[in-house]
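Just the heavy atoms: all of them, side chains too, but no hydrogens, waters or symmetry mates, feed the values below. Quick caveat, the model's predicted, so the values are computed rather than measured.
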Amino acid sequence: MSDIIQIRARIETADVDRAATDAWIYLGIAGREFCLDPGSGKGYFERGVKTCFVLGEQGGSDGGEAGFNNVPVEDPEYNDPRTPSSTPTTSTWPPAYIRFSSAGSNPGWCVERVKVTVDNLRLREKKDNRQLGLHERYGERLFLYNVTSD
């Protein structure tokens with residue numbers, strides 16, 4: 001596998017009451033943790049919103065995912081998978097995860113879907129009609145597993 005030059009994290013917030021959050025959201029992958037949103041209040045995790053965070057090289061294919069808004073992460077120079085360069089192999093990667101850090105006036109969050117793409121290796125957690133609430137009182141991390149099919 002070549003060096004990681006881009007990570008795309010597609011996150012869909014559930015369309016249910018109290019799903020939205022203004023908390024900090026992190027992605028852990030390939031032995032690093034990246035801040036997707038530091039509670040910016042830009043609406044990336046509002047009820048029913050689909051956001052695709054682009055880390056590293058901007059542009060390229062969005063994978064044909066309709067309805068997702070592509071946005072760069074805050075502080076891109078620190079949340080860049082190219083610095084330092086990394087050439088992980090799938091057999092040596094620690095688990096991928098989403099970390100939720102309760103903060104702000106909306107401390108809970110209900111996530112519907114997560115799909116992460118790295119150098120054509122896709123990691124996701126998706127089941128029909130399945131949602132997971134995240135809150136400091138009942139869990140702040142969602143671990144992702146390597147899958148190879150839709």
Side-chain angles (χ1 to χ4, degrees), residues 1-16 18-88 90 93 95-134 140-150:
M1 180 180 283
S2 61
D3 287 352
I4 295 174
I5 59 170
Q6 184 185 73
I7 297 172
R8 288 182 174 274
R10 293 167 188 85
I11 299 179
E12 182 177 350
T13 297
D15 191 4
V16 297
R18 297 172 42 155
T21 191
D22 55 5
W24 291 47
I25 306 294
Y26 300 86
L27 168 67
I29 192 163
R32 284 189 59 189
E33 186 171 76
F34 301 95
C35 182
L36 297 180
D37 185 52
S40 68
K42 293 182 179 175
Y44 298 145
F45 301 108
E46 293 298 315
R47 179 179 176 167
V49 170
K50 298 177 181 181
T51 304
C52 177
F53 293 93
V54 182
L55 296 89
E57 185 175 289
Q58 298 297 302
S61 171
D62 66 1
E65 294 275 344
F68 281 82
N69 299 314
N70 290 336
V71 298
V73 294
E74 300 277 328
D75 300 313
E77 66 277 13
Y78 297 107
N79 288 295
D80 190 335
R82 300 170 295 183
T83 310
S85 65
S86 161
T87 310
T90 56
W93 279 19
Y97 63 88
I98 294 293
R99 182 165 69 88
F100 166 85
S101 181
S102 296
S105 59
N106 262 345
W109 182 41
C110 187
V111 61
E112 177 82 23
R113 179 176 179 222
V114 176
K115 180 178 178 182
V116 179
T117 306
V118 179
D119 287 341
N120 298 321
L121 174 67
R122 189 170 49 212
L123 303 170
R124 70 176 174 138
E125 177 64 20
K126 168 76 168 117
K127 299 281 184 180
D128 291 334
N129 300 318
R130 203 163 163 196
Q131 301 167 344
L132 177 67
L134 299 172
E140 298 179 334
R141 287 191 177 108
L142 169 61
F143 287 84
L144 307 174
Y145 297 90
N146 184 2
V147 296
T148 57
S149 65
D150 290 332

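Under a 3.5 Å cut-off, the side chain of Glu57 and the backbone N or O of Gln6 do not form any donor-acceptor pair. For the pair Asn79 (side chain) and Cys35 (backbone), a donor-acceptor distance under 3.5 Å is present. A donor-acceptor contact shorter than 3.5 Å is absent between the side chain of Thr51 and the backbone of Asn69.
Residue Asp80 comes nearest to Glu77 through the heavy atom pair CB-O, 4.2 Å, listed as atom of the first residue, atom of the second, then distance. Of all the heavy atoms in Ala23 and Ser101, the pair that sits closest is CB-O, 3.1 Å. Shown here for Ala20 and Arg47, the closest heavy-atom pair between the two residues is CB-N, 3.7 Å. In terms of heavy-atom proximity, Ile7 sits nearest to Pro81 at CD1-CB, 3.8 Å.
For the atom pair CZ of Arg10 and OG1 of Thr117, the computed distance is 4.0 Å after rounding to the nearest 0.5 Å. With rounding to the nearest 0.5 angstrom, the CD atom of Glu46 is 8.0 Å from the CG atom of Asp22.
Take Arg32 and apply the salt bridge (charged side-chain N to carboxylate O under 4.0 Å, His left out) test, not counting sequence neighbours, and it matches no residue.
Between Trp109 and Phe100, the ring planes lie parallel to each other; the angle is under 30°, not in the 30° to 60° tilted range.
Checked against the 6.0 Å centroid criterion, the rings of Tyr44 and Phe53 qualify as a close aromatic pair.
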